[in-house]
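To start, the structure under review is shown below, and the notes come after it.
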There are 2 protein chains.
Amino acid sequence: MKKKAKHSKLSEYLKEKIEEFIATGLFTPGMKLDEIDLAQKFGVSRTPIREALIQLSSTGLVEMRPRRGAIVTPIDTKKLYEMFEVMAELEALCARLAARRITNKELEYLQKTHLECKVKEIIENPDLYYYKNEEFHIALYRASHNDFLIEQAINLHKRLSSFRRLQLRVRGRIESSLKEHEEIIEAIIKGDSELASKLAREHIIVQGERFSDLLASLNISQ
Amino acid sequence: MKKKAKHSKLSEYLKEKIEEFIATGLFTPGMKLDEIDLAQKFGVSRTPIREALIQLSSTGLVEMRPRRGAIVTPIDTKKLYEMFEVMAELEALCARLAARRITNKELEYLQKTHLECKVKEIIENPDLYYYKNEEFHIALYRASHNDFLIEQAINLHKRLSSFRRLQLRVRGRIESSLKEHEEIIEAIIKGDSELASKLAREHIIVQGERFSDLLASLNISQ
DNA sequence: GGGTATAAGTATGCATACAAGAAATTTTAA
DNA sequence: TTAAAATTTCTTGTATGCATACTTATACCC
């Protein structure tokens, strides 16, 4: 496997790579991450692999059990729900702040990403939609003008990405997602921070039906 | 320096130690953390020190600049305010959930910690108050019954701890803090989740605002 | 035969060694 | 004397080796 030169630290590069493999499902939850295996696979020594794993363990993507090796963090439904609950709140805060602080340029960009989500061929392809949708959300985060929040939101978003991806396969979810985006944008344009906040929260939170849909689409977890 | 046996990994122990030194101000923001120095100080090799630093860098307490070593993350007032803004939201969520989910036992414990905060000798000693106050807040987090949220809240709380500590030295802050706690408890008892949420948010955000002002006037940070 | 105990094997955690990139210092030139 | 260049020094980043805890497999006992 080749390595990009732009990383001054191998461990940084490896972290991103492993992260990617987990996000795309190449490394599945519960899977053991053997240091020596990985080292050989990437053609490096154990040290940078270890450092990458340590970093990933503090974001929660992998779990390091003392003397028992690292595994991709298994997600039970309870924790998943909890994570969405927190994500909803972060998004709500982003939306609330965005409604007050967004610049014209940022608003334009937000609308642009939303419009791109609505293109027919994107709507019909969950994978494409996933990427466009991600752009929309990150644009929303940035409009909050709170760098710390942006960082946290992007982090958690990343961690939930594979599940969001699955969510989009639920029939009709993309359509309602689009509608919700539209309402959020409207609230932001009106400068109604409370409404924007409420809508963003509801857009993310997976309650009732939505949660069982998510679980059904998963049935990966125990 | 001695090491506790209860840690199966040295790096875990070192992480906590360094964290502690930063929280208590022994290691000050901007200070360089030389790996060899630390290794000698703790009587270990560079490896576990490095691993500890990597972990701390992903919580944000330490900054690792490629090839240029680690420093205790310097905090400017802007970032500090941003962190309080996010903390406020997490506390608000905790309070909202607590209002709906708190058990009798948890409520008793929350009230107990609050009453202990009100003891005369505690009120008069900012350091003592700091610890009791922390107990109160953590009790609130736990009452949310969302383990992921609890973890996140405790993490950020820790990171802001040294600032909260200073904050309590501002005249009259302890008294108003107590009053705010009381109102939050009342709202939780009533089961008024929206009110509890609002009060908790304001309780924290005020600290952020005041504190940024305080810092700015002290111009400690650049 | 099932369960425990013991021993071999394997992977982690830490130490040490080496390589390479910054920073510091010295030397040289204008 | 100052500035620039080159060399040295020092620190980080990576590799490798070794000891120990955990896993497993086999044997022994009930």
*asked:* Does A:K112 form a salt bridge (charged side-chain N to carboxylate O under 4.0 Å, His left out) with A:E108? I'd like the steps, not just the answer.
replied: CA-CA 6 Å; A:K112 184 181 142 244; A:E108 257 173 51; over 6 Å; no

**Request:** Report the C-alpha separation of B:E51 and B:K9 in whole Å, then their side-chain angles, then the decisive distance to 0.1 Å, and conclude whether the salt bridge (charged side-chain N to carboxylate O under 4.0 Å, His left out) test is met.
**Result:** CA-CA 10 Å; B:E51 299 193 344; B:K9 287 174 104 179; 5.2 Å; no

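Atom CG in A:L33 sits about 17 Å away from atom C1' in C:dG13, given to the nearest Å. Distance CD1 (A:I71) to P (C:dT12): 12 Å, rounded to an integer number of Å. Taking atom CZ on B:R65 and atom P on D:dT12, their separation rounds to 10 Å, with Å as the unit. Distance A:I36 CD1 to D:dG17 P: 12 Å, rounded to the nearest Å. Between B:F42 atom CZ and C:dC14 atom P the separation is 14 Å, expressed in whole Å. Rounded to a whole Å, the CD1 atom of B:I49 is 15 Å from the C1' atom of C:dT16. Computed from coordinates, the A:K9 NZ to C:dA20 C1' distance equals 15 Å when rounded to whole Å. Nucleotide D:dG13 holds its C1' atom 10 Å from the CE atom of B:M64, rounded to whole Å.
Relative to the side chain of B:E51, the nucleotides D:dT14, C:dT12, C:dC14 differ in distance, and C:dC14 lies closest. With distances taken from any side-chain atom of B:D34 to the nucleotides C:dT12, D:dT14, D:dT11, the minimum falls on D:dT11. The side chain of A:R50 lies closest to C:dG13, out of C:dT12, C:dG13, C:dC14.
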Look for any protein N or O under 3.5 Å of an N or O in nucleotides 19-21 of chain D and output each such pair with its distance, or none.
unit_1, atom_1, unit_2, atom_2, d
D:dT20, O2, A:R67, NH1, 3.0

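Put simply, B:K32 has no side-chain N or O that comes within less than 4.0 Å of OP1 or OP2 on D:dC10. A close approach under 4.0 Å does not occur between any side-chain nitrogen or oxygen of B:T47 and OP1 or OP2 of C:dC14.
Here the side chains of A:F27 and A:L38 are in contact, with some heavy-atom distance below 4.5 Å. Between A:E202 and A:I184, every side-chain heavy-atom pair lies at or beyond the 4.5 Å cut-off. Two residues are said to be in side-chain contact when any heavy atoms from C-beta on lie closer than 4.5 Å; B:E135 and B:Y109 meet this criterion.
For the pair A:S144 (side chain) and A:Y141 (backbone), a donor-acceptor distance under 3.5 Å is present.
The CZ atom of B:R101 lies 8.0 Å from the NE2 atom of B:H145; values are rounded to the nearest 0.5 Å.
At a cut-off of 3.5 angstrom, counting only N and O atoms as typed in the model, there is a donor on one side and an acceptor on the other between the side-chain of B:R46 and the base of D:dG13.
When each of A:P66 and B:R68 is assigned the nucleotide of DNA chain D with its nearest heavy atom, B:R68 is the one assigned upstream, toward the 5' end.
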